[in-house]
Amino acid sequence: MSMPTPRPPDGAAPSATAPAAATGGPAVTDDGNRPDGLRFPPGFGWGAATSAYQIEGAAKEDGRGESIWDTFSRTPGRTRNGDTGDVAADHYHRYVEDLDLMRDLGLHSYRFSISWPRVQADGAGAPNQRGLDFYRRLVDGLHERGIAPMATLFHWDLPQALQDAGGWESRDVAHRFADYAEIVFRALGDRVPVWLTVNEPKTVVQNGYLEGHHAPGRQDPAAAYLVAHHLHLAHGLAVAAHRATGAGRIGPALNLHPCYPADGSPEAARAARLRDGYENRLYLDPILTGRYPQDVLDDLGPDSRLAGGIRDGDLATISAPVDLLAVQYYTPYYVAADATTVPRWPTSQASWQQIHPDGMYDILTRVTRDYGPIPLTVTENGLPTPDALDADGTVDDAGRVTFLRDHLAAAHRAVAAGVPLESYHVWSLLDNFEWDAGYDERWGLVYVDYQTQRRVLKRSAHWYRQVIAANGL
Ligand code: FCB
């Protein structure tokens, strides 16, 4: 991991607080809190998030089919150390213990994802009841412990059979997704108050189809933006299926990145604006306004596969009203005149993450300013740290405490500024399979000893329990 030397901003990005480093940072008191006394509104929801492929394991059990992440991670050279999600955190077998951990932390909300290939092994046809039963047990266990389930329908584990039939380049896959969503709504709709459709469509587009370091491992810019359209269509069709079958609320889960000009030049301002189109508006606008951003369409050109893939009525489907928007915030981008991204803040163990808590404030206030007062939930925010089990049996992840505290303080400022933020979820509840980074990056509040599958609450978990109990910092 490289740690670029942080340098102060040179005028491009106003910043209210100093950046916090991944480790160290401003001094913390014994319990990790500053004596700020920041209280969140009554009823604010405190949660944590996971996803199916990253924690469940049990890759071949109870009728589960293959997903593109099984294929990708088992392909030599694709993941660090050749790691796969075959066992992961073995949550499929240990979910009761994990539910008890959530109760011990005092969580109000648990965001998890449903594995499409557990429900339909090949992505089509009759449901696999054993797969649905697992999620039923999980959801019932959450209710028994007073925790609200928040279920994501798609967190990247596309059934391999659908990839073989064209994957998200195929419009038909959006319709298969709607069928799958309907099955899940019918099975669990009475017990799940909040549904999220597609997790981070942008990551599928960028990592899966532009850069190729995520499944399905393509480097095909033309395909990438058609994939974006079909992911949006899948979202819209799932919203329609939800309205027809279920109660509760539904919305998309988008990872948003504030895009700042790297310097004061007009060229950098222009480049940052276009980058904002590709990072944020390409995803927000079709869903929330029913239009693709014109600057992105122009940049892709009139003959792009995206432009060619939009059929009459698609944007009406895609922009069907949603009940809430889930925002995932990890890092800002500083964009230079030549459109390259320049580092500005300390980089975390994840080479793509610049630690900038004010970006949380900026992105939340921007969404409310530009898209109106739609209810917001933060469904992911977190930091990987090189955690280890100490001889005394504890895990001292002071850097994660600093990171979470600073980001929560920024979220609190956004709430004070009028942002209708109703809940916040740490990524992640447990250490887990971090995609191409395998098990090298630990993102959990809870340490997982992968040899024994023992769970140990990290310092950050104890700290978060206090935050929840106090409803603030
Ligand atoms: C997000 C993903 C999540 C996890 C975090 C670190 O992009 O949604 O699964 O990998 O990053």
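Both counts, for ligands and for their atoms, begin at 1 and track the order of listing.
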Considering only the protein, which heavy-atom contact is closest to [atom], and what is its distance?
atom                   : answer
atom 5 (C) of ligand 1 : Y330 OH, 3.3 Å
atom 1 (C) of ligand 1 : E380 OE1, 3.0 Å
atom 7 (O) of ligand 1 : E200 OE1, 2.6 Å

For this session: Identify whether NZ of Lys or CZ of Arg in R442 sits under 6.0 Å from the centre of the six-membered ring of Y447 and within 45° of that ring's axis.
Result: yes
Problem set entry | R218 to Y209 six-membered ring, cation-pi geometry met (6.0 Å, 45°) | no
Under 3.5 Å: N/O of [X] near N/O of ligand 1:
X    : value
T203 : no
H155 : yes
W443 : no
W352 : no

Exercise. If you measure from the Lys or Arg side-chain nitrogens to the Asp or Glu carboxylate oxygens, is any gap between D122 and R176 under 4.0 Å?
Worked result: no
Measure the shortest side-chain to side-chain distance between [X] and [Y] over non-hydrogen atoms and say whether it is less than 4.5 angstrom.
X    : Y    : value
E422 : F44  : no
Y329 : L256 : no
F134 : L132 : no

Problem set entry | Positive for side chain to side chain donor-acceptor pair (under 3.5 Å) with H257, one of K202, Q354, R275, Q328 | K202
Atoms of ligand 1, numbered as shown, that sit under 4.0 Å from any heavy atom of [X]:
X    : result
W156 : 2 (C), 7 (O), 8 (O)
Q54  : 3 (C), 4 (C), 9 (O), 10 (O)
W435 : 3 (C), 4 (C), 9 (O), 10 (O)
N199 : 8 (O)
E434 : 4 (C), 6 (C), 10 (O)

For this session: For the residue pair H356 and W345, categorise the inter-ring angle as parallel (less than 30°), tilted (30 to 60°) or perpendicular (more than 60°).
Result: parallel
For this session: Take the angle between the ring planes of W69 and W435 and call it parallel below 30°, perpendicular above 60°, tilted in between.
Result: tilted
Exercise. Relative to ligand 1, is N255 under 4.0 angstrom through side chain, backbone, both or neither, heavy atoms considered?
Worked result: neither
